[in-house]
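In each ligand, atom 1 is the first atom listed, and ligand 1 is the first ligand listed. Everything quoted here is computed from the prediction, not taken from an experiment.
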Amino acid sequence: MKIQFIGGARTVTGSCYVLDTGRHQILIDCGMFQGNKELDQWNEQDFPFDPVKIAAVVLTHAHIDHSGLIPKLCKQGFAGSIIATHSTAELCSIMLPDSGHIQEAEAEWYNRKRRRRGRPEIKPLYTEEDARRCLSHFKGIPYDEYTEVVPGITIRMRDAGHILGSAIVEMWVKESEESGTCKLVFSGDLGSKRQAIVKDPAFIDEADYVFIESTYGDRLHGERVDRSEILGGIVRTIQEQGGNIIIPSFSVGRTQEIIYELSELLHKGKIAPLPVFVDNPLAIEATRIFRRNQEVFDEESQQYLRQGVDPLSFPGLQFVESVEESQRLNRVVSGTIIISSSGMCEAGRIKHHLKHHLWRPKSHIVFVGYQAQGTLGRRIVDGAKRVRIFGEDIKVSAQIHNIEGFSAHADQAGLLEWLAGFVRQPKKVFIVHGEEDVSLHFAKIVNETLGLDAHVPYRFETVTYGEAIEVTAHVLAEKEQSELPSGLAHALENVKLASLEVQNILQSQALSSAQKQEVLERLAACVEALEQMAQDCEV
Ligand SMILES: [Zn+2]
């Protein structure tokens, strides 16, 4: 049995692993790389496997960095099932077409420039239509039940508490009738315990090998801030002094959490009723999906439901679908809350609302999510005095708030607590889904505090499981690295990485096995020579 890391290895995004049992190949997640130009280009590269030969995809959750390349996979001949929880399948039915729409819009933006320069047009990665076509492959399953993916591979989805439908995947693999069973556990993205609506991540008893995310592997979320108190305070301020509240928010997950918080504040009488507009078509559809999947909500939400209170609805909550309705909101200058996207203010209707509110001293802009470097949201949070929106120079006079504590990811303590929950310790832990330095740091902590063998795989690295686990890329131990001149150590790492990539190219091309062997041997000799050089250097 082999597993290859295609993405989410020394990067946060692009989660995708290929499991090959010899009998079948399946994918765990098929995510899109996101974040910068170089990562965008990785999405355009050919898959290092044949999509036609993939028997199934097991999907941990609906976020695009886990699901976003599924339409591309289907376009290239994948014909199997995509197995996910019911809620994840439902969320994908709106998020993947939305992603296709974004791909088309981006391609069109580039093509307008290219046409002016007389250059050939580019094609979108996939279209909204491509994404809709792949939805028929989805097969929703419930949490906590055993499902056979293909003969020899059985899974059980456990709640990961990250977003609605998110799952930890327990996977039992039997390579042949005679062989024993190996248990793999993929954490997916693990939620933080502070989240509203979703449950806390489930603990797993045992595994042979664990694949754990490490987004916040180097960070603690800190003291729990009472975000509901802060939000309530801002609402009371506009109710007494006038002005609107503008909340830039991600469509799926965060928007519903804000609705939940407001509903709770109203229910407890901490704020007076007021009009709240959700001005974001995707968030509106997502909220409907949340409402249809109440059976997976956490205990607190269930209690509200038992009392006849819908935690995702309250008098005054209004959903704004059309552009005309959205534009009408510009005339309302006081006493309302507008929740809109995109969460980092880079696109979408939020930009119009910011344009109409940033210059007003009585407006309150409330950030409830991470703002990446270089985004409009980040500039505002960082205290910019003026910003440009739609080519217009706008003075920032509004009051800016940044409410932390809305993270959908476990912090370092949460990740360690989850790992410590294994009653039978895993043989090895693979640290994935994190920036390289964060994953390496977390691996060290896992090793030191839990005594577990932790490894941070490279992209395209293949791991083979047998009697003893064998990692094909024997990367230098960190200690050795630090003793080498950094340039040489880096060069060595690069050669090793390149050799892994060449191995993949060889696997996917029609070369004779003798030819392949020859190329591989040449590469191995090259690495060996470099290693010798490195050792000489040390002396
Ligand atoms: Zn996620």
Side-chain angles (χ1 to χ4, degrees), residues 5-17 27-35 39 43 57-70 82-96 98-99 102 143 157-169 185-202 211-217 219 221 249-257 282-283 286 289-290 293 296 341-344 368-372 406-412 414-415 418 431-435 438-439 442:
F5 300 86
I6 312 298
R10 301 191 180 222
T11 52
V12 178
T13 58
S15 280
C16 181
Y17 320 113
L27 296 188
I28 295 91
D29 287 344
C30 188
M32 185 183 280
F33 292 98
Q34 295 171 309
L39 290 170
N43 293 320
V57 178
V58 175
L59 181 61
T60 60
H61 65 288
H63 277 152
I64 293 300
D65 64 321
H66 292 257
S67 68
L69 290 188
I70 287 175
I82 300 156
I83 300 173
T85 62
H86 290 298
S87 321
T88 294
E90 271 204 72
L91 285 175
C92 282
S93 74
I94 58 170
M95 291 172 75
L96 291 178
D98 183 66
S99 171
I102 293 169
Y143 280 114
M157 300 290 205
R158 308 291 300 279
D159 206 318
H162 168 64
I163 59 162
L164 186 82
S166 64
I168 297 160
V169 178
V185 170
F186 299 89
S187 76
D189 286 0
L190 289 172
S192 100
K193 286 188 173 175
R194 309 156 176 222
Q195 277 171 262
I197 308 169
V198 293
K199 291 178 183 165
D200 290 345
F211 303 76
I212 184 175
E213 68 122 325
S214 56
T215 316
Y216 290 140
R219 223 178 303 174
H221 289 328
S249 174
F250 300 104
S251 314
V252 180
R254 194 56 43 86
T255 294
Q256 291 73 30
E257 275 186 84
L282 186 64
I289 292 174
F290 271 64
N293 287 273
V296 297
S341 75
S342 70
M344 297 192 204
V368 290
Y370 174 69
Q371 304 298 315
F406 275 100
S407 179
H409 283 275
D411 64 359
Q412 188 191 77
L415 294 170
W418 184 77
I431 313 290
V432 292
H433 196 291
E435 294 298 347
V438 176
S439 296
F442 184 60

Review point. How about the Zn ion (ligand 1), which protein N, O or S atoms come within less than 2.8 Å?
Key: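 Correct list: H61 NE2, H63 ND1, H162 NE2, D189 OD2.
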Review point. Is the backbone N or O of S214 less than 3.5 Å from a side-chain atom of H433, with the two atoms forming a donor-acceptor pair by type?
Key: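 Here the side-chain-to-backbone pair does not exist.
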Practice item. Not counting sequence neighbours, which residues clear side chain to side chain donor-acceptor pair (under 3.5 Å) with S99? List them please. Key: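 S99: side chain to side chain donor-acceptor pair (under 3.5 Å) contacts with Y126.
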**Study point:** Those residues that, when tested against E257, pass side chain to side chain donor-acceptor pair (under 3.5 Å) (two or more places apart)
**Key:**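 Applying side chain to side chain donor-acceptor pair (under 3.5 Å) to E257 gives R254.
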Practice item. Report the residues that fulfil salt bridge (Lys or Arg N to Asp or Glu O under 4.0 Å) with E213, sequence neighbours left out, ordered by chain and then residue number. Key: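 Not a single residue meets the salt bridge (Lys or Arg N to Asp or Glu O under 4.0 Å) criterion with E213.
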Exercise for review: Might you work through the side chain to side chain contact (heavy atoms under 4.5 Å, CB included) test for L59 and C92, ending with a clear yes or no?
Suggested key: CA-CA 10 Å; L59 181 61; C92 282; 3.7 Å; yes
**Study point:** Close side-chain approach of F186 and V58, heavy atoms under 4.5 Å
**Key:**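 Result no, sub-4.5 Å side-chain heavy-atom pair not found.
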